[in-house]
Amino acid sequence: MKLIIQIPCYNEAETLEIALNDLPKHIDGIDTIEYLIINDGSMDKTVEVAKNWGVHYVVNFKKNRGLAKGFMAGLDACLRNGADIIVNTDADNQYNGDDIEKLVRPILEEKAEIVIGERPIDQTAHFSPLKKKLQHLGSWTVRVASKSDIPDAPSGFRAYSREAAMRLNVTNEYTYTLETIIQAGRQKIAMESVPIRTNPELRKSRLFSSMFGYVKRSMVTIIRAFMMYKPLKFFGIIGIITFLLGLALGIRFLILLGMGDGSGHVQSLILASTFILMGVQTYIIALLADVIASSRKILEDVQYHVRKIDYDGTEKENE
């Protein structure tokens with residue numbers, strides 16, 4: 001059983017060695033532990049620090065491509081190098097390395113395929129009250145969209161089984177954390193959450209420049225994922241609401257017409273017709289989007305089998 005711990009890095013020379021020193025060297029049930037960094041266009045000595053420490057693999061981007069791209073590139077490298085379990089953690093030592101054993105245990109015991117670390121958000125000193133509320137709101141939204149019970153959706157401290165990793169796709173360019181949960185929930189991949197500890201902040205987050213930017217990009221990611229993976233529900237609800245609003249205006253016009261006051265409310269009739277047409281058209285879009293989503297499921301299944309052949313073949317070559 002091989003575990004590869006991957007760390008996305010962007011100019012992390014100052015904190016990377018601290019994070020690496022905190023990683024476990026042995027876990028019961030794991031035969032081999034290896035380490036991988038994703039160098040996302042760093043301009044400092046991040047790669048040099050990693051190699052001097054003894055990291056086994058380095059995925060290099062010449063230019064910064066973002067957390068989501070880096071995460072997927074790391075998964076690809078881990079799978080090609082024979083990982084049975086992949087753990088993703090941060091280079092700023094935000095998470096306690098000893099808790100990696102908590103993450104991999106449910107996978108080793110075959111209770112889950114994805115395990116996400118639940119941070120003590122309300123007890124984290126460097127989180128502002130607003131950020132704490134937004135973290136809870138974002139997690140609740142993802143739970144609704146994914147029909148899961150993951151309490152800390154934005155947490156990047158997580159473990160994936162080999163099978164789960166081969167089924168993941170990330171299409172947005174911002175972050176993988178939210179979309180992968182929604183995707184896993186749609187595919188009914190077994191997920192579990194475990195409480196973890198966090199370390200004192202070593203540097204400010206680089207994922208967003210402002211709280212408004214964080215909220216905006218997170219909401220766009222959630223809505224986009226919901227549109228992609230549950231299009232019939234998303235567009236269907238909008239279509240039904242619009243249709244019912246038009247129907248209500250139409251009934252109101254008919255009542256006024258019956259009372260002899262219809263001539264002064266022709267605008268209501270026009271607005272009602274517009275809303276009804278919009279509702280019908282939106283529901284037709286919902287049906288078409290659902291057909292496209294069904295095709296996407298078939299393509300994802302094909303992609304999974306292609307990946308399985310590719311990665312398993314690469315693993316045999318490496319042996």
Side-chain angles (χ1 to χ4, degrees), residues 1-8 27 29-38 56-59 61 65-89 100 103-117 142 146-148 150 153 155-173 175-193 221 225 228-229 293-319:
M1 181 69 68
K2 179 190 279 192
L3 164 66
I4 297 183
I5 302 171
Q6 71 169 33
I7 307 177
I27 295 175
I30 300 291
D31 302 310
T32 306
I33 300 178
E34 294 180 343
Y35 311 93
L36 175 147
I37 71 158
I38 302 104
H56 298 82
Y57 312 104
V58 176
V59 176
F61 289 162
R65 298 177 65 184
L67 186 59
K69 297 285 187 183
F71 171 77
M72 289 305 296
L75 284 192
D76 178 72
C78 289
L79 290 168
R80 289 187 184 282
N81 285 285
D84 297 296
I85 301 175
I86 301 165
V87 166
N88 188 87
T89 187
I100 287 177
L103 291 179
V104 303
R105 188 60 51 196
I107 296 176
L108 289 172
E109 294 174 355
E110 299 183 352
K111 293 179 180 178
E113 292 185 78
I114 298 175
V115 184
I116 298 171
V142 172
S146 63
K147 292 186 178 179
S148 69
I150 301 300
S155 172
F157 195 44
R158 45 181 72 187
Y160 299 90
S161 70
R162 185 175 180 84
E163 285 293 304
M166 284 195 286
R167 291 190 177 277
L168 291 180
N169 288 290
V170 178
T171 58
N172 81 87
E173 297 182 356
T175 179
Y176 62 90
T177 55
L178 309 179
E179 184 177 347
T180 50
I181 293 176
I182 295 173
Q183 187 180 130
R186 184 184 68 88
Q187 294 184 1
K188 301 191 184 303
I189 296 174
M191 290 185 287
E192 191 170 308
S193 179
T221 300
M228 286 178 62
Y229 300 120
S294 298
S295 299
R296 179 188 174 87
K297 291 178 185 177
I298 296 171
L299 290 173
E300 285 178 347
D301 193 50
V302 171
Q303 183 187 53
Y304 164 75
H305 286 92
V306 170
R307 280 177 171 175
K308 192 171 180 63
I309 293 169
D310 184 21
Y311 291 137
D312 289 350
T314 303
E315 185 179 1
K316 289 177 182 177
E317 287 177 9
N318 290 337
E319 291 174 356

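Heavy atoms only: backbone and side chains are in, while hydrogens, waters and symmetry mates are out.
Here R105 pairs with E101 under the side chain to side chain donor-acceptor pair (under 3.5 Å) rule; sequence neighbours left out. Under the rule for a side chain to side chain donor-acceptor pair (under 3.5 Å), the partners of K308 that lie at least two apart in sequence or sit in another chain are E163. Residues passing the salt bridge (Lys or Arg N to Asp or Glu O under 4.0 Å) test with E300, sequence neighbours excluded: R186, R296. Scored by the side chain to side chain donor-acceptor pair (under 3.5 Å) test, E179 finds T171, N172, Y229 as partners (sequence neighbours excluded). Listed by chain and number, the residues in a ring pair (Phe, Tyr, Trp, His ring centres under 6.0 Å) with Y57 amount to none (sequence neighbours excluded). Shown here are the salt bridge (Lys or Arg N to Asp or Glu O under 4.0 Å) partners of K297, two or more places apart in sequence or in another chain: there are none. With sequence neighbours excluded, the residues satisfying salt bridge (Lys or Arg N to Asp or Glu O under 4.0 Å) with E109 are K111. Here M72 pairs with L75, V170, R307 under the side chain to side chain contact (heavy atoms under 4.5 Å, CB included) rule; sequence neighbours left out. Not a single ring pair (Phe, Tyr, Trp, His ring centres under 6.0 Å) links F61 to another residue, sequence neighbours left out. For T180, the side chain to side chain donor-acceptor pair (under 3.5 Å) criterion is met by R158, not counting sequence neighbours. In this structure, S294 has no side chain to side chain contact (heavy atoms under 4.5 Å, CB included) partners at least two apart in sequence or on a different chain.
To the nearest 0.5 Å, atoms OH (Y160) and CD1 (I107) are separated by 9.5 Å. A distance of 6.0 Å separates CD1 of I27 from CD1 of I5, quoted to the nearest 0.5 Å. Distance CD1/I114 to OG/S161: 7.0 Å, rounded to 0.5 Å. One distance of note links CG of D84 with CD1 of I30; it measures 7.5 Å at 0.5 Å rounding. Atoms CD1 and CD1, from I181 and I150 in turn, are 6.0 Å apart once rounded to the nearest 0.5 Å. Between the CG atom in N88 and the CD1 atom in I38 there is a gap of 6.5 Å [rounded to 0.5 Å].
A pairwise comparison of heavy atoms in A165 and I86 identifies CB-CD1, 4.0 Å as the closest pair. The minimum heavy-atom distance linking Q183 with L168 is given by the pair OE1-CA, 3.3 Å. Shown here for E192 and P106, the closest heavy-atom pair between the two residues is OE2-CG, 3.5 Å. Nearest heavy atom pair, residue A83 against residue R162, reads O-NH1, 2.9 Å. The minimum heavy-atom distance linking G185 with M191 is given by the pair N-CE, 3.8 Å.
When atom types are taken as modelled, the side chain of D31 and the backbone of K2 share no donor-acceptor pair closer than 3.5 angstrom. At least one donor-acceptor pair closer than 3.5 Å links the side chain of S155 to the backbone N or O of G117. Under a 3.5 Å cut-off, the side chain of D310 and the backbone N or O of V306 do not form any donor-acceptor pair.
Applying the salt bridge (Lys or Arg N to Asp or Glu O under 4.0 Å) rule to pairs touching residues 65-78 yields D76-R80, sequence neighbours excluded.
I85 places a side-chain heavy atom less than 4.5 Å from the side chain of L108. Between H56 and L36 the shortest side-chain heavy-atom distance does not fall below 4.5 Å. When side chains are defined from C-beta on, I7 does not count as touching Y35, because their heavy atoms never get closer than 4.5 Å.
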